[in-house]
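Here the structure is laid out as structure tokens; the discussion comes afterwards.
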Amino acid sequence: MKIIKNNLYIIKLCYKADPLWIIMQVLSTVLGYVLNTFISIYFLKYIIEAIEGNRSYGEALFLIFGMFFCNVVVNLMDSYTLDILEPKGLVKVTALLMEMLYGQAISVDLSCYENPEFYDTYTKANEQVTGYASTIIRTITRVMGILVSLVVAVFSIVVCEPFVIVIVVLPVLVEQFLVKKYTEYKFNRDRDTAYDRRKVEYVNRTVYLSEFAKDIRLSNIFSPIMRSLEHAMKQMRKTSKEYGVKIAIVRFFRTIMAELFVYLGVQILIVYQYLVHSAYSLGNLSMLLNAASEFSDLIGGFSWARNDIYECGMFIENFRTFMDYKTKMPENENGKIPNRESVDICFKNVGFTYEGSKTPVLKNLNLTIPKGQKIAIVGHNGAGKSTFVKLLMRLYDTTEGSIEVDGIDIKEYRLSAYREIFGTIFQDFKVFAASVTDNILLHGNATERDKERVKEALQNSGIYKKICELKNGIDSQLTKEFDKEGALLSGGEFQKLAVARVFAKDCEICILDEPSSALDPLSEYEIFENMLKACEGKTIIFISHRLSSTVMADKIYMLEKGEIVGSGSHAELMKQNGKYAEMYHMQAKRYQEEQAYEA
Ligand code: ADP
């Protein structure tokens with residue numbers, strides 16, 4: 001039942017994408033089948049009857065021309081459907097499925113990306129569903145054609161020799177069981193190779209994507225990657241071989257059932273009835289033999305089609321499982337809309353542990369950030385600074401305690417509206433293959449006013465002059481992915497561009513999560529200084545492990561192993577002479593040594 005439902009689900013989608021294609025496909029396939037069945041059962045019978053003098057020459061000629069004409073019409077419909085409508089329809093269906101698939105992929109929880117099972121389902125849904133759309137449409141229409149043709153064949157047999165049906169039914173039932181087994185083996189083979197196919201896909205990506213190109217050329221990292229590819233291939237060969245033997249055995253018995261029992265049995269019966277009992281005329285003998293052979297072919301075709309339907313149904317299940325995935329962090333359509341005038345943040349006993357891990361990354365965090373305050377969160381790598389930001393932005397939910405904005409638990413807000421109050425740059429920000437403007441606004445509908453904002457943001461982040469030197473200024477394409485004249489900037493320049501995103505966004509809370517790791521301390525200091533000027537009145541959360549930049553903050557929180565080990569202004573923390581002061585002195589000393597060395 002589920003299998004049928006899954007197939008209908010995809011057919012509905014295809015019909016929604018291109019109704020003309022589906023209607024024509026049904027018409028041309030069903031007509032094609034019926035015509036073929038009719039010709040193979042009745043053509044010879046009528047010709048024999050004409051030879052025997054039971055039909056006129058005119059009748060025979062009418063039959064011959066009639067069939068020729070019908071064949072021409074069906075072939076024309078077939079060509080129009082398969083060569084013109086189907087390719088167009090498939091592009092539309094693929095676009096629709098991709099839109100659904102990608103829409104779901106970008107809305108699932110971030111934690112899904114750390115879950116290999118999720119990745120497997122996604123990979124399977126992604127690589128199979130579009131390929132199966134055409135198979136399903138062809139198969140379902142084939143089944144319709146087969147069923148109508150079966151009615152014609154059964155009718156032709158039953159009028160002359162009803163016993164033939166009995167000979168056919170038993171092997172057909174056994175065959176249905178074999179079909180089920182056959183499909184199950186194929187599905188399991190696919191399931192068992194999914195993990196290795198994902199490995200192959202990963203290797204493919206590392207070779208293809210530019211972000212890996214330098215490391216691969218300058219290091220030996222490709223050899224372990226290749227080893228993992230070889231291992232995956234070996235596993236896939238082993239799995240394919242295991243299932244290959246089972247599939248071959250089942251396939252052999254299926255053929256025997258159809259060929260030996262059905263075809264042979266029916267022929268023996270009909271020939272016996274004709275020769276021993278003179279049960280029918282020569283014309284009817286030809287009709288019966290052809291109808292029996294057609295019947296057996298149609299049943300065989302039906303089993304294979306059923307097989308395809310079953311197979312498609314199982315694969316569509318992957319797509320539906322993925323599409324049915326309910327995010328743990330839903331949009332909350334009826335949630336509250338944040339009051340932008342009052343965005344005081346309060347962490348209450350917040351703790352957090354990543355899924356699948358036992359060690360908490362954040363423990364018992366209590367802090368308040370009033371609107372407009374400039375705070376810095378500092379600490380060594382791995383202290384939990386980025387996790388702090390992810391919780392605040394609701395990319396993850398706290399596992400203990402709660403976060404409030406304006407005195408309201410952040411889970412009560414409408415998710416998209418809540419995230420809109422933030423302008424954030426992450427450590428691992430990405431530059432998209434799009435124009436400078438789109439890369440800063442992060443949407444594709446820039447108005448003239450937006451462009452002015454982009455220019456101002458670029459000035460504040462200190463990269464405007466460089467962008468003006470590009471051929472098309474702020475409309476220049478970034479990266480050479482789709483445009484060979486696309487601009488490539490240095491790591492530091494890309495970082496300044498990313499910072500400009502925050503400057504350009506109409507947000508209340510600006511977060512910079514170590515966006516300056518590729519910048520020298522002076523540039524980082526400059527960015528922070530510019531930010532203080534450009535984001536007057538807004539809350540700023542600056543995350544860094546470099547303390548020289550954070551001295552300007554109103555309040556600094558020092559994190560260590562997920563806990564706050566010091567808080568206050570720079571002066572206060574230095575006076576406390578705790579971990580912060582220790583880290584500050586250490587960094588200052590190293591900086592002075594570097595300066596001396598360079599001098
Ligand atoms: P910081 O930003 O201070 O360098 P993070 O917040 O990125 O630190 O990470 C804190 C700890 O959480 C680290 O030990 C890191 O390995 C771990 N961690 C970060 N992200 C994940 C994740 N997605 N799953 C499991 N552990 C994670």
Side-chain angles (χ1 to χ4, degrees), residues 105-122 198 202 325 327-329 345 347 349-367 369 375-401 403 410 419 422-430 491 495 498-499 502 509-519 521 524 527-528 540-550 553 555-567 573 578-580 582-584 586-587 590:
I106 60 170
S107 66
V108 297
D109 305 321
L110 211 60
S111 58
C112 290
Y113 286 87
E114 288 134 27
N115 177 353
E117 254 173 54
F118 169 85
Y119 248 94
D120 278 347
T121 314
Y122 179 53
R198 202 152 53 77
Y202 175 74
Y325 177 85
T327 166
K328 287 179 216 135
M329 229 173 280
I345 300 165
F347 274 58
N349 301 320
V350 169
F352 182 72
T353 309
Y354 281 104
E355 220 173 275
S357 161
K358 288 199 178 82
T359 330
V361 170
L362 293 177
K363 284 169 265 176
N364 203 24
L365 284 197
N366 285 293
L367 58 96
I369 309 169
I375 73 148
I377 304 213
V378 300
H380 295 288
N381 281 336
K385 305 183 293 295
S386 292
T387 309
F388 172 91
V389 174
K390 287 182 202 161
L391 292 186
L392 179 59
M393 294 201 67
R394 272 208 86 199
L395 291 172
Y396 292 86
D397 272 334
T398 56
T399 43
E400 271 170 55
I403 303 173
I410 60 174
R419 285 185 183 156
F422 295 95
T424 311
I425 309 288
F426 286 103
Q427 231 165 340
D428 52 354
F429 68 90
K430 289 278 177 270
Q495 226 151 9
V499 172
V502 173
I509 301 167
C510 306
I511 303 179
L512 277 87
D513 180 1
E514 302 219 43
S516 40
S517 52
L519 300 177
E524 178 177 302
I527 283 194
F528 196 35
I540 299 180
I541 301 176
F542 193 77
I543 303 224
S544 184
H545 63 273
R546 241 189 233 147
L547 306 190
S548 54
S549 315
T550 54
K555 192 160 184 179
I556 301 167
Y557 291 92
M558 168 101 186
L559 271 187
E560 196 172 85
K561 292 187 184 148
E563 283 177 290
I564 297 174
V565 289
S567 66
L573 282 166
K579 300 253 181 197
Y580 177 86
E582 188 186 314
M583 193 171 164
Y584 187 84
M586 213 160 68
Q587 287 187 3
R590 203 169 54 222

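One-based numbering, in listed order, for ligands and for the atoms of each.
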Worksheet entry | Mode of V361 contact toward ligand 1 - side chain, backbone, both, neither (heavy atoms, under 4.0 Å) | side chain

Worksheet entry | Minimum side-chain heavy-atom gap N349-L365 below 4.5 Å | no

Discussion item. Are F388 and Y557 an aromatic pair, judged by ring center distance below 6.0 Å?
Written reply: no

Fill in: Non-hydrogen side-chain atoms of I345 and I541 separated by less than 4.5 Å
yes

Item to complete: Decide whether the shortest distance between a heavy atom of A383 and an atom of ligand 1 is less than 4.0 Å.
Response: yes

Item to complete: Could you pull out, from G382, S357, G356, the option with a heavy atom nearest to atom 1 (P) of ligand 1?
Response: G382

Worksheet item: Should you measure from each heavy atom of N381, which atoms of ligand 1 turn up under 4.0 Å away?
Response: 4 (O)

Worksheet item: Can you check whether I540 reaches I375 side chain to side chain, under 4.5 Å on heavy atoms?
Response: no

Discussion item. Testing the 3.5 Å rule here: is there a donor-acceptor pair between the side chains of Y354 and T387?
Written reply: yes

Discussion item. As a check for students: among K385, K390, E355, identify the option with a heavy atom nearest to atom 3 (O) of ligand 1.
Written reply: K385

